[in-house]
Amino acid sequence: MSSLYQKKVKKRTVILAFFSLIWLSGIIFRLIQLQVIDHPRLKAEVIEQNRSINTISPKRGTIYDRNGNILARSIPTQSVYYVSFNNEPFDYQFQKIQKLKGLLKLSEKDLKIIKRRIEKNASFIWLKRKIDSKKAEKVENLHLSGIHLTEENKRFYPQGTQAAQILGRVNIDDDGASGIEYKYNAQLAGKKGKRLILRDAKLREYHFETLERPEPGNDLTLTIDETIQYIAEKELERAILKRKAKWGTVIICEPSTGEILALANYPFFDLNNPPPDPLKIDRIQGIHHIVDPGSTFKIIIAAAAMESKSISLDEDFDCSKGAINIAGKTFRDYRRFGILSFPEVIIHSSNVGAIQIGQRLGEKTLFKTIKAFGFGQKTGIDLPVEVKGIVRPVKNWTQISLASLSIGYEISVTAIQMLQVINIIANRGVVTPPKIVKKILTSSFDQKKEPLSYKRVISEITASNLSLILERVVEKGTGKAAQIKGYKIAGKTGTAQKFIPSTGTYSSSNHTASFVGFVMAEKPVFSMIVVIDDPQGQYYGSQVAAPVFRKIAAQVLQYLRIPPQEDSLKTIIAAKPLRLMDQ
Amino acid sequence: MVRKKIRKKEIVVGLVWTIAVMFFLTFYIWNQIESIRVGYKIGELEENLQSLKKDVEKLETEKSSLLALERVEKIAKEKLKLEKPKKEQIIYDNFRPEP
């Protein structure tokens, strides 16, 4: 071989080695760039694309009535979501969504939102949440890439409209938005869990791992009795429809414990098919709506008179004129009475007599008693946004305020506050704050019972005497329509003209009718308030609210198997089917 | 070269050791496999239990729905033609249950 040939080979080898070195350097440089310089950014991108941590919703606690009947429970349901593919053209992705438009009832607004999210390359997009199982099956059978189903919980109310406002509603994420659901959200909601999802290069999910297990929420037992609630709602609805009233409420309570057995609010709503404006559900008339109490407030006047010993029980009041003039304003009775004793003023609900009692009491004593009974303060019932009513301080009273207050005007109260007043009398002078949650069923059963300490408002003697007067109201006074043969009932009717804020005056054609009372056996069994707003035609509490009290009380007594008092040693043995009765 | 004569006793001891080690290894592997198998079985049963619990809850909820008082009253009145008992139809007994 010639040296020329060897030189040629050497030259070629050097050139080849040179280019190989450059090529190798290029590869090494690229490797350093990818693995060292850009490594953190690229790793983050890969993680972003291939793994995601999703929240696992815990199962929300169940709400039971006092007898263990289910009032609200979360049931499993399916939700549809879309995992977008960055490498797929936008039109192709959106076509898949449009195939579901009819099946999932996606509105134009929904589609617009989804479209915007795909354009922004969002990796996870909700299409429709909480659909029924049939729809879910249809979606699954379409086998559309990127369309997935996941299990979520949906709140279900087996009793439909029953106790809707008390139970309240939850939002789409299962968080309480009103009522008990809102107030006890922390206990009911549980703790959310976390799940790791890994995807391959084609963004197909291939690995699921639970990082944190979700903790289910605690169950709640309410003081509500499903049957009593049903009776109250049924009779309230009947009365409202008959009287063409605007709204109404009935609250039934166990006076000795303050436990609410029923809290009915009309109009009713079905939580399984909520109205377009769900805020309507949030209003619990009995604790959110304030009214002038009218004559039911005469209980306070009587209590103040007896407690302060300003007036003796045998004292008489001249009500013969049927009217009384205070600072130029005339207050009238619904009829002329003549001379009435102190108890008779309450029994016959005389405005003229009550105003005279009020004048004798004076502003300070009356105001002190009003405050002692808890007006202008929240009762503390465990429901959200309780209203405390309006009680004006004495310095803001006018010349006619004392007279107006004596007959239940110039003060705004809630139904629950009036019920608390009757509970104080039924409990011989002590206050038992109303409550609606009986217990929280924690997994560890470590709930401590708080010792009960009740505050005394009036003396036992005052309460007993007042109780006897209120029994006479039902026996021979304005509350006759609340009578039930064989049972002792104490109560007071109330009729109040409605205040019109726009004119600042009281309406002569719009009224609020009410009756508040309790049923006695060996001890007070239950107390109840009935409020009917703006009844048409007859509007007196004695005509509108007292009959509702009687109808409900009669059915509740049979349901509780409390025999008439002349048969006090007996009990009903044929009453079980009476859960269905209709009066 | 003189071959060392292995005594019979040594052979037996060696054999016993070998068998013991093999037995131990077999037992260990069997135990591991069995643990995994039982683990799978527990997982499966756990899943089954959860599913049954869900079924029970679903049935309880369905029962509650079916026993909704409004529905029951409607059936009692319209289908079974039941009526509320009149006052004189209610019988009282001298027995009084414990409070």
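Proteins get letters first, then strands, A, B, ... in listed order; numbering begins at 1 in each.
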So with a 6.0 Å cut-off around [atom1] of [X], is the heavy-atom count from everything else above 12?
X      : atom1 : answer
A:K130 : NZ    : yes
A:K59  : NZ    : yes
B:Q50  : CD    : yes

Original post:
Would you call B:K54 and A:E151 a side-chain contact if the rule is heavy atoms closer than 4.5 Å?
Top reply: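 Yes, side chains in contact.
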
Subject >> Contact origin within B:E83 toward chain A - heavy atom pairs under 4.5 Å >> reply: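 Neither part; nothing is under 4.5 Å.
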
Original post:
Side chain, backbone, both or neither: which part of B:E70 has a non-hydrogen atom closer than 4.5 Å to chain A?
Top reply: both

**OP:** Sort A:I75 into side chain, backbone, both or neither according to what part of it lies under 4.5 angstrom from a heavy atom of chain B.
**Re:** side chain

Original post:
Do you know the tightest heavy-atom contact between A:R73 and B:T61?
Top reply: CD-OG1, 3.2 Å

**OP:** Write down the atom of B:S64, the atom of A:P158, and the distance for their closest heavy-atom approach.
**Re:**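 Shortest heavy-atom contact: CB-CB, 3.6 Å.
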
Original post:
Hey, what do you get for NZ (A:K234) to CG (B:L69), rounding to the nearest 0.5 Å?
Top reply: 9.5 Å

